[in-house]
Every structure is written in C-alpha cells, then in structure tokens.
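See below for the structure under consideration.
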Amino acid sequence: SFPTRRSSELLARRMGITRKVRVRISTLTDVPCAIGWLRPIILLAPATAMGLTTGELEAVIAHELAHIARHDYLVNLVQLLAETVFFYHPVVWWVSSRIRLERELRCDDLAVRSCGDALCYARALAALEKQRIGTPVLAVGSTGGPLLYRIQRVVGLVAPSKSTRWPGVLAISIAAGCLAVNLDWTRLAVQSDGEAMRFEVAAVKPHQGDANVCGIMGEPSSR
C-alpha cells in the first residue's frame, strides 16, 4: 500500500524541509530517485511502490527526502560537470566514488533517524537491491553504494567511524587540488604558446658586411 501524503509531509518536517515535495510513480526510472531543486519530486518505480510494505516505502521516501534536505541534486550536477571536464583524471573518479558513498551514508543516517526503525530500513534496502538485479542503474537513488556495508552499518553490525566527514573533506580537497593543478598547466601552456609566437616573428634584412660572403644559394659576388 502506498504511504499517505500525511506521512511523507511528516517525514519532510522532521528533516526541516519547508518546500512541497511531490511523490510520483513513474516508469522512466528503475530505482527511487529525487530530482529537482526548487520544486523537488521523488520518483518511484511501479515495482517499488507495489513490492514494498508501507513501512519500507516510508523508509525509501525518507532516504530520498534526505537527499533533498542536503541539496544533493545540485551537488550531483557539479560533480557530473567535474567528471565531464576532468574525465581523463583517475583521481577525479576516485574522489567521485568517495563522495557518492559518503552521500549515501549520510542519507542513511538521516532516514533511520526520521523513521526510527533501522531493521525496516535495512529490509527496504535489501528489497530494492533484489528488484534491481539484472536492471542497469540509471539514477543515483537508495541503492547507490556498497549495499552490504550500508546494511551492516544501519543495523549496527559495523561500527561507524568516529567522524565520517573527513573522507568527504579529503575528497573535496583533492578535487580542488586537481583543479588548481590543471589551471596551472593551462596557464603555463598559454605562456609557452605566447613565447613561441614571439620567436616565430622574424625580420629578414640584407647583409651589409663583406660582399664575398656566400649566400644560402648564391656564389661569392665580385665587385
């Protein structure tokens, strides 16, 4: 059964979301996802809406509301832009994977805190993964990140680190460093091109010295 609008609004208020968030069932996505910033929408696949219990659906919606509360839609756009510009840099891809994992872990924490049922949330993650098997992931939603680690972390089988902010801070720092290095390389390349252009400009003047000196293709001239 589909969760009521009242329950979704209650979860949104718990996370401090003041904007109206719409929940829609769509065949355009295979996994739950949150899109939009000013007018956010949570999209659920028909299999998700029909295959989960009410509590599990509320847990999934809570996860997507956490993405909205953290403004992850805008962060993801910036991240995709960085991946497009620096697609050749392996460090950028490692940074992106760390950011995505940290983002999912933070949303897991917010969802469990809002729902108050860690076991139900873990069952929802397992059910989503079972539905996703054999289907390519087209959007970053509740199934992103290493599933087993996330479930173990939610139910308390894996102790969370004392501070999980540092990997994200380190990732952002490395990304900023890569950007600075690339900007320096670009500036040096521009300077090198400018110097090369200055050397390419030359003036050819007749030789005013000894008339018997041979030219490039001529013979000594006589006076």
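Being a predicted model, the structure only gives us computed values, none of them experimental.
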Requested in this report: Work out which heavy atom in Val60 is nearest to a heavy atom in Pro32; give both atom names and the distance.
Outcome: CG1-CG, 3.5 Å
Query raised in the report: When hydrophobic residues are tied together by side-chain contacts of less than 4.5 Å, even through go-betweens, does Leu157 share a cluster with Leu119?
Result: yes
Report summary line: Closest non-hydrogen contact found for Ser8 with Leu65 is O-CD1, 3.9 Å
Query raised in the report: Do the side chains of Arg103 and Asn76 get nearer than 4.5 Å, heavy atoms only?
Result: yes
**Report entry** Non-hydrogen side-chain atoms of Thr53 and Arg123 separated by less than 4.5 Å
**Finding:** no
Query raised in the report: Under 4.5 Å between any side-chain heavy atoms of Thr27 and Pro46, yes or no?
Result: yes
Requested in this report: Please tell me if the side chains of Val91 and Phe86 come closer than 4.5 Å, counting only heavy atoms from C-beta onward.
Outcome: no
Requested in this report: Can you measure from CD1 (Ile17) to CD (Glu9) and round to the nearest 0.5 angstrom?
Outcome: 11.5 Å
Report task. Compare all side-chain heavy atoms of Leu44 with those of Thr29 and state whether any distance is below 4.5 angstrom. Result -> no
Query raised in the report: Restricting to pairs with a member in residues 74-85, which pass salt bridge (charged side-chain N to carboxylate O under 4.0 Å, His left out), not counting sequence neighbours?
Result: Glu83-Arg100
Query raised in the report: Can you tell me how far the CD atom of Glu104 sits from the CZ atom of Arg150, to the nearest 0.5 Å?
Result: 5.0 Å
Query raised in the report: Can any side-chain N or O of Gln131 pair as donor or acceptor with the backbone N or O of Ala47 at less than 3.5 Å?
Result: yes
Query raised in the report: Does any N or O in the side chain of Ser97 come within less than 3.5 Å of the main-chain N or O of Trp94, such that one atom is a donor and the other an acceptor?
Result: yes
Query - Same cluster (ILVMFWY, side-chain, under 4.5 Å), Ile41 and Leu11 - result: no
Query raised in the report: So which heavy atom on Phe87 is nearest to which on Trp93, and how close?
Result: O-NE1, 2.8 Å
Requested in this report: To the nearest 0.5 angstrom, please state how far the NE2 atom of His67 sits from the SG atom of Cys107.
Outcome: 4.0 Å
Query - Approximate separation, where rounding is to 0.5 Å, of Asp109 CG and Arg113 CZ - result: 6.5 Å
Query raised in the report: Quick one: side-chain hydrogen bond (donor to acceptor under 3.5 Å, both in side chains) partners of Arg19, sequence neighbours excluded?
Result: none
Report summary line: Output for pair (His63 NE2, Leu110 CG), nearest 0.5 Å, gives 9.5 Å
Query raised in the report: Does the pair Val31 and Leu128 meet the rule for a side chain to side chain contact (heavy atoms under 4.5 Å, CB included), with working shown?
Result: CA-CA 8 Å; Val31 294; Leu128 286 176; over 6 Å; no
Query - Exercise: identify the closest heavy-atom pair between Ala111 and Ala59 - result: CB-O, 4.3 Å
Query raised in the report: Rounded to the nearest 0.5 Å, how far does OG of Ser96 lie from CG of Leu101?
Result: 12.5 Å
Query raised in the report: What's the shortest heavy-atom distance between Ala118 and Val155, and which atoms?
Result: O-CG1, 4.5 Å
Query raised in the report: In terms of hydrophobic clusters joined by side-chain contacts under 4.5 Å, are Trp37 and Leu43 together?
Result: yes
Query raised in the report: Looking only at atom types and distance, does a side-chain atom of Glu58 sit under 3.5 Å from a main-chain N or O of Cys115, one as donor and one as acceptor?
Result: no
Query raised in the report: So if you build clusters from Ile, Leu, Val, Met, Phe, Trp, Tyr with side-chain heavy-atom gaps below 4.5 Å, do Val23 and Leu38 land together?
Result: no
Requested in this report: With the side chain counted from C-beta on, respond yes when Ile68 and Tyr73 share a heavy-atom pair under 4.5 Å apart, and no when they do not.
Outcome: no
**Report entry** Single-linkage hydrophobic cluster Tyr88~Leu81, side-chain heavy atoms < 4.5 angstrom
**Finding:** yes
**Report entry** Minimum-distance pair of heavy atoms, taken over all atoms of Ser114 and Met15
**Finding:** OG-CE, 3.3 Å
